[in-house]
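What follows is one structure encoded as structure tokens, with my remarks underneath.
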Amino acid sequence: QVQLQESGGGSVQAGGSLSLSCTASGYSLRDCQMAWFRQGSDKEREVVATIDTQVNTAYINSVKGRFTISRDNGKNALYLQMNNLKTEDTAVYFCAACPYNIVGRPTQYNYWGQGTQVTVSP
């Protein structure tokens, strides 16, 4: 079975940094786009950043210039470097892999991790 596992979450003060990792097992993800999502308390889940098989990246506007998504296909891993963290970045962060599209529906991802908590204090 394909399994994704996040690590690196924790608590930091505003302005600090954290590095998140996501490792995959059970299947090579080199041919899949990958993404980081987050969900804060009482908030909807939102995509934070994506990286495709050609290493093209995209970010939600609120994290541009502060977060960097990267991947290492040799390690079957996904990373998110988060700098200058803000209190509004507090959320559970999830990694996801291998999206697929169905006409008329939002993009879906085949594989998900269980999430890692990031807490940013003022």
Side-chain angles (χ1 to χ4, degrees):
Q1 305 93 312
V2 176
Q3 296 181 347
L4 304 181
Q5 184 172 2
E6 302 93 343
S7 63
S11 298
V12 297
Q13 291 188 329
S17 298
L18 283 173
S19 295
L20 304 184
S21 298
C22 172
T23 57
S25 62
Y27 192 80
S28 174
L29 301 179
R30 65 181 297 174
D31 295 323
C32 286
Q33 177 171 297
M34 302 185 75
W36 286 99
F37 288 78
R38 68 185 181 188
Q39 185 169 19
S41 297
D42 302 319
K43 296 182 179 179
E44 299 295 322
R45 185 178 65 188
E46 64 179 355
V47 64
V48 177
T50 62
I51 182 166
D52 68 14
T53 58
Q54 302 301 311
V55 203
N56 297 304
T57 60
Y59 300 88
I60 190 171
N61 285 338
S62 62
V63 308
K64 287 182 178 178
R66 300 189 298 116
F67 291 10
T68 302
I69 188 172
S70 61
R71 65 190 296 165
D72 186 337
N73 290 336
K75 297 180 179 179
N76 220 19
L78 176 72
Y79 307 100
L80 185 68
Q81 177 65 45
M82 304 185 294
N83 298 323
N84 192 24
L85 284 160
K86 302 177 180 180
T87 56
E88 54 262 41
D89 296 319
T90 295
V92 177
Y93 284 71
F94 302 87
C95 63
C98 304
Y100 61 93
N101 296 305
I102 299 175
V103 175
R105 298 182 180 181
T107 299
Q108 305 290 315
Y109 279 79
N110 277 320
Y111 310 116
W112 290 85
Q114 293 188 333
T116 185
Q117 177 71 48
V118 171
T119 301
V120 185
S121 60

Next on the checklist: Between L29 and N73, is the side-chain contact (heavy atoms from CB on, under 4.5 Å) condition met? List the steps.
Outcome noted: CA-CA 7 Å; L29 301 179; N73 290 336; over 6 Å; no
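- Considering every non-hydrogen atom in both R71 and C32, the closest pair reads NH1-O, 2.8 Å.
- Between F37 and Y109, the ring center distance clears the sub-6.0 Å criterion.
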Checklist entry - Would Y59 and T68 count as a side-chain contact (heavy atoms from CB on, under 4.5 Å) if you check the C-alpha gap in whole Å, the side-chain angles of each, and the deciding distance to 0.1 Å? => result CA-CA 8 Å; Y59 300 88; T68 302; 3.9 Å; yes
Checklist entry - For N83 and S17, what are the C-alpha separation, side-chain angles and deciding distance, and is it a side chain to side chain donor-acceptor pair (under 3.5 Å)? => result CA-CA 4 Å; N83 298 323; S17 298; 2.9 Å; yes
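- Ring orientation note: the planes of Y111 and Y27 are tilted relative to one another, at an angle of 30° to 60°.
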Next on the checklist: Quick one, T50 with M34, criterion side-chain contact (heavy atoms from CB on, under 4.5 Å). Give me CA distance, side-chain angles, the key distance, then yes/no.
Outcome noted: CA-CA 6 Å; T50 62; M34 302 185 75; over 6 Å; no
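- Side-chain contact between T116 and L20 is present, with heavy atoms from C-beta onward closer than 4.5 Å.
- Between L85 and L18, the closest side-chain pair of non-hydrogen atoms falls below 4.5 Å.
- Sparse packing is recorded around CD of Q13, with 12 or fewer heavy atoms of other residues, nucleotides or ligands lying under 6.0 Å away.
- A donor-acceptor pair under 3.5 Å is formed between the side chain of E6 and the backbone N or O of C95.
- Considering every non-hydrogen atom in both I69 and A35, the closest pair reads CD1-CA, 4.4 Å.
- Heavy atoms of other residues, nucleotides or ligands lying less than 6.0 angstrom from CD of E88 number more than 12.
- Cation-pi contact between R45 and W36: absent, since separation from the ring centre below 6.0 Å together with deviation from the ring axis within 45° is not met.
- Taking the six-membered ring where the residue is Trp, Y93 and F67 present tilted rings, their angle falling between 30° and 60°.
- No side-chain donor from either of Q5 and T23 sits under 3.5 Å from a side-chain acceptor of the other.
- T107 has its side chain out of reach of Y100: every pair of non-hydrogen atoms, C-beta onward, lies at least 4.5 Å apart.
- The number of heavy atoms from other shown groups lying within 6.0 Å of CD (Q39) is above 12.
- The shortest distance between side-chain heavy atoms of K86 and R66 falls below 4.5 Å.
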